[in-house]
Amino acid sequence: VQLQASGGGLVQAGGSLRLSCAPSRRTFTNYAVGWFRQNPGKGREIVASISWSGFSTFYKETVKGRFTISRDNAKNEVYLQMDSLKPEDTAVYYCAADHAPRHEYFPVSESEVGYWGQGTLVTVSS
């Protein structure tokens, strides 16, 4: 599965962005999806993830209450709504997916997903 992430950009602190992720071919059927981010010199960290059903989600502690992950399986897309952005949210954001062993499964680490998008840069200015 090849993934395409979009929606990054430059925004002032306190602003919002919405990232989108979609497979270039095939579908997200039975795939759990996660959003990760990475800064230069650092490893990728999980930001949020969502189960195939969409009913189960996971958030990194520092984004809880500010970010919302969702999916529209009819449109074959996964979203990350980012509100109240902070300069420390600046990073390249990646969407990643893998086949879900059960409907409510969601990944919580880089090692749990095998398919990655190309990344989209989010820059939050102070």
Side-chain angles (χ1 to χ4, degrees):
V1 176
Q2 290 184 316
L3 307 177
Q4 293 184 339
S6 61
L10 173 64
V11 64
Q12 288 188 329
S16 299
L17 284 174
R18 189 176 86 153
L19 306 183
S20 298
C21 176
S24 57
R25 289 179 289 182
R26 301 186 66 180
T27 72
F28 269 144
T29 301
N30 290 329
Y31 281 79
V33 179
W35 284 99
F36 295 76
R37 66 188 181 188
Q38 185 174 27
N39 278 311
K42 296 185 178 180
R44 286 177 186 169
E45 60 177 5
I46 183 85
V47 176
S49 59
I50 190 166
S51 64
W52 153 241
S53 71
F55 293 135
S56 298
T57 57
F58 169 86
Y59 292 96
K60 177 181 171 63
E61 193 64 33
T62 56
V63 308
K64 283 182 179 179
R66 299 189 297 122
F67 291 11
T68 303
I69 189 171
S70 62
R71 67 190 300 160
D72 185 335
N73 287 338
K75 293 184 177 180
N76 215 26
E77 291 185 337
V78 173
Y79 311 102
L80 184 68
Q81 177 65 41
M82 304 186 295
D83 298 319
S84 302
L85 281 161
K86 302 176 181 180
E88 51 263 44
D89 294 318
T90 295
V92 177
Y93 284 70
Y94 299 87
C95 65
D98 217 316
H99 191 269
R102 54 190 182 279
H103 280 194
E104 299 314 316
Y105 167 84
F106 50 81
V108 296
S109 70
E110 186 178 358
S111 63
E112 296 176 9
V113 286
Y115 302 101
W116 292 84
Q118 82 285 9
T120 185
L121 177 62
V122 172
T123 303
V124 184
S125 63
S126 57

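- Applying the side-chain hydrogen bond (donor to acceptor under 3.5 Å, both in side chains) rule to S70 yields no partners; only residues at least two apart in sequence or on another chain are considered.
- Side chain of D72 to backbone of K75: a donor-acceptor contact under 3.5 angstrom is found.
- Side-chain N or O atoms of Q4 include none that pairs as donor or acceptor with a backbone N or O of G117 at under 3.5 Å.
- Minimum heavy-atom separation, P23 to N76: CG-ND2, 3.3 Å.
- Nearest heavy atom pair, residue F106 against residue S51, reads CB-N, 4.0 Å.
- With rounding to the nearest 0.5 Å, the separation of NE2 in H99 from OH in Y105 is 11.5 Å.
- Taking both residues in full, the closest heavy atoms of D83 and S16 are given as OD1-OG, 2.7 Å, listed atom of the first, atom of the second, then distance.
- Y94 and L121 end up in the same hydrophobic cluster when Ile, Leu, Val, Met, Phe, Trp and Tyr side chains are linked at under 4.5 Å.
- Among residues two or more places apart in sequence or in another chain, the side chain to side chain contact (heavy atoms under 4.5 Å, CB included) test is passed with A97 by L3, F28, Y31, V33.
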* Test log, rule side chain to side chain donor-acceptor pair (under 3.5 Å), inputs Q81 and Y79 -> CA-CA 6 Å; Q81 177 65 41; Y79 311 102; over 6 Å; no

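- Between the side chain of R71 and the backbone N or O of A32, no donor-acceptor pair lies under 3.5 Å.
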* **Stepwise side chain to side chain contact (heavy atoms under 4.5 Å, CB included) check, E110 with W116** => CA-CA 10 Å; E110 186 178 358; W116 292 84; 3.5 Å; yes

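- Across I46 and F36, no two heavy atoms sit closer than the pair CD1-CZ, 3.4 Å.
- With a 4.5 Å cut-off on side-chain heavy atoms, M82 and W35 do not count as touching.
- When each of L17, L80, V92 is tested with V122 by the rule side-chain contact (heavy atoms from CB on, under 4.5 Å), just one qualifies, namely L17.
- Sorted by first then second residue, the disulfide bond (SG atoms under 2.5 Å apart) pairs that include residues 86-126, not counting sequence neighbours, are C21-C95.
- Residues S126 and P87 come closest through the heavy atom pair CB-CG, 3.8 Å.
- Between A96 and V113, the shortest heavy-atom contact is CB-CG2, 3.6 Å.
- Among residues at least two apart or in separate chains, salt bridge (Lys or Arg N to Asp or Glu O under 4.0 Å) pairs with a member in residues 85-100 are R37-D89, R66-D89.
- Between N30 atom CG and S53 atom OG the span is 11.0 Å, to the nearest 0.5 Å.
- To the nearest 0.5 Å, atom OH of residue Y93 and atom OG of residue S6 are 15.0 Å apart.
- Looking at residues two or more places apart in sequence or on another chain, you find a side chain to side chain contact (heavy atoms under 4.5 Å, CB included) between S111 and S109.
- A donor-acceptor distance shorter than 3.5 angstrom exists from the side chain of N39 to the backbone of T90, with no hydrogens or angles considered.
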Could you tabulate the donor-acceptor pairs under 3.5 Å formed by side-chain atoms of residues 55-63, not counting sequence neighbours?
| residue | atom | partner | partner atom | Å |
| --- | --- | --- | --- | --- |
| S56 | OG | E104 | OE1 | 2.7 |
| Y59 | OH | I69 | N | 2.8 |
| K60 | NZ | E45 | OE1 | 3.2 |
| E61 | OE1 | K64 | NZ | 3.1 |

